[in-house]
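Okay, so here's the structure we're looking at.
Within every chain, numbering begins at 1; the chains are lettered A, B, ... in the order of the sequence lines, protein sequences first and strands thereafter.
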Amino acid sequence: MIPFYKRFIDRFPTVQTLAETDCDEVLRYWEGLGYYRRARQMHAAARVITSEYNGQFPTEIDQVRALPGIGRYTAGAVLSIALEQRHPILEANTIRVFSRLMMLRGDPACSENRRQMWEFSKLLLPRRRVGDFNQALMELGSTVCTSRDPTCERCPIARICPARAHGVQAQFPEPTPKAKTIAVHEAAIVLRCRRKILIRHCQPGERWAGLWDFLRFELSSTKMPLAETQIIEQVAKSTGLTITRLQYLTTFKHAVTRYRITLTCHEAFCTSSQSTVPPLCWVTQDQLQMRPFSTTGRKICELLNGG
DNA sequence: AACCCGGGGAG
DNA sequence: CTCCCAGGGTT
């Protein structure tokens, strides 16, 4: 994380720098971190701060919360830590601490329990050093009041913890019922024409919006040659281009939220590059490194470069 | 209120 | 492999 942070701050030292940069460039510096929406939202927020607040980060909680990508937690954290304003926070670490201090039954993620924990966090809030207090709560959850095997012997508030008093700290927080995983098969196609490769700008609402990707489709079957037939059809349908040769490259497995994706990568060739319009774009192999890709997209780029 | 998003580190 | 993570937005 630290190298990413340093590189990012070096390139975008101020809100103004961030605001005047293309989103593509910002995403390139974010590439590999995941949560790409956050990069786009931070970029959008920088533009709001420049246009609406004369480049000065707002100090009213409602103004801060109205910024793209900033919700109740982030607004409270920024204003309490940076400006010593008296706002509570609630996030993964403090949820765990509170679930033990409150002996909270049921899924801590459910809305009623969330509401109760926000109320609890308000009650706990000190009059002074709110920022330190909020950070200390998170640090306590991160280093002492841990998810598995909390070290209560080292906990500064063990004496007021009812879960500890009853010796039931291991029963909290109760596990969130987890959605079962779904197996998905996808195909990525590196489509070549002369010296160019076809890539696609992922659109708003799609996964990896704002990033670039190779042609990618969901497959109903991985059985050859049925998959090949699907690929040829899908390429024709989405680009109007006709594949003259299709070759298997490799297979990646990766997980996205509850999906377990098996991605089979192919190389394909066509003789005409006509009638391809945005969001499609033909680029040379060298130009691939200028564009932000998801991690799987970048793996395919590395494959092409002989990685 | 339910659901969506990404990837890496730890165990 | 599973669990976990300094959440917010959309529907």
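Between Thr295(A) and dG7(B), a side-chain N or O to OP1/OP2 separation shorter than 4.0 Å is present. Applying the 4.0 Å criterion to OP1 and OP2 of dG6(B), one finds that Tyr259(A) has every side-chain N and O outside that range. Taking 4.0 angstrom as the limit, Trp208(A) places a side-chain polar atom (N or O) nearer than this to OP1 or OP2 of dG6(B).
Between the OH atom of Tyr73(A) and the P atom of dG9(C) there is a distance of 14 Å, rounded to whole Å. With rounding to whole Å, Ile95(A) atom CD1 is found 13 Å from dC4(C) atom P. With rounding to whole Å, Asp149(A) atom CG is found 17 Å from dC3(C) atom P. Atom CZ of Arg114(A) and atom C1' of dC3(B) are 14 Å apart (whole Å). The distance from atom CZ of Arg216(A) to atom P of dG6(B) is 11 Å, rounded to the nearest whole Å. Following rounding to the nearest Å, Arg260(A) (CZ) and dG7(B) (C1') show an atom-to-atom distance of 12 Å. Rounded to whole Å, the distance from CZ on Arg65(A) to C1' on dG7(C) is 11 Å. Atom C1' of nucleotide dC5(B) and atom CD of Gln203(A) are separated by 17 Å, given to the nearest angstrom.
For the C1' atoms, the distance linking dG7(B) with dT10(C) amounts to 22 Å, nearest Å. Nucleotides dG9(C) and dG8(B) place their C1' atoms 24 Å apart, quoted to the nearest Å. For the P atom pair drawn from dT11(C) and dG6(B), the interatomic distance equals 15 Å after rounding to whole Å.
Taking only side-chain atoms of Glu91(A), from C-beta outward, the nucleotide of dC3(C), dG6(B), dA6(C) with the closest atom is dA6(C). Set against dG7(C), dC5(C), dC4(C), the side chain of Ser147(A) has dC4(C) as its closest nucleotide. Here the side chain of Tyr36(A) is nearest to one of dA6(C), dC4(C), dG7(B), namely dG7(B). In the set dG9(C), dG7(B), dC4(C), the nucleotide with an atom closest to the side chain of Arg148(A) is dC4(C). Comparing dG7(C), dC5(C), dA6(C) by their nearest atom to the side chain of Arg96(A) picks out dC5(C).
With hydrogens and angles left out, the side-chain atoms of Arg200(A) and Ser238(A) include no donor and acceptor closer than 3.5 Å. Checking Ser142(A) against Glu139(A) by side-chain atom types alone, no donor-acceptor pair falls below 3.5 Å.
At a threshold of 4.0 angstrom between heavy atoms, the contacts of Leu137(A) with the nucleic acid are absent. Residue contacts for Ile89(A): at a heavy-atom cut-off of 4.0 Å it reaches no nucleic acid atom on any strand shown.
Side chain Tyr35(A) to base dG6(B): a donor-acceptor pair is found below 3.5 Å.
Mapping Leu33(A) and Glu112(A) onto DNA chain B via the closest heavy atom, the residue that lands nearer the 5' end is Glu112(A). Place Ser111(A) and Ala209(A) on DNA chain B by their nearest nucleotides, and Ser111(A) ends up nearer the 5' end.
For the ring pair (Phe, Tyr, Trp, His ring centres under 6.0 Å) criterion with His201(A), the lone passing option out of Trp208(A), Phe214(A), Trp212(A) is Trp212(A). A side-chain contact (heavy atoms from CB on, under 4.5 Å) with Ile49(A) is found for exactly one of Asn54(A), Leu18(A), Leu67(A), namely Leu67(A).
Taking hydrophobic clusters as Ile, Leu, Val, Met, Phe, Trp and Tyr residues chained together by side-chain heavy-atom distances below 4.5 Å, Leu124(A) does not share a cluster with Met103(A).
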| said: Pair Glu112(A), Arg115(A) - check salt bridge (Lys or Arg N to Asp or Glu O under 4.0 Å), show working. | reply: CA-CA 5 Å; Glu112(A) 171 59 20; Arg115(A) 189 190 64 74; 2.8 Å; yes
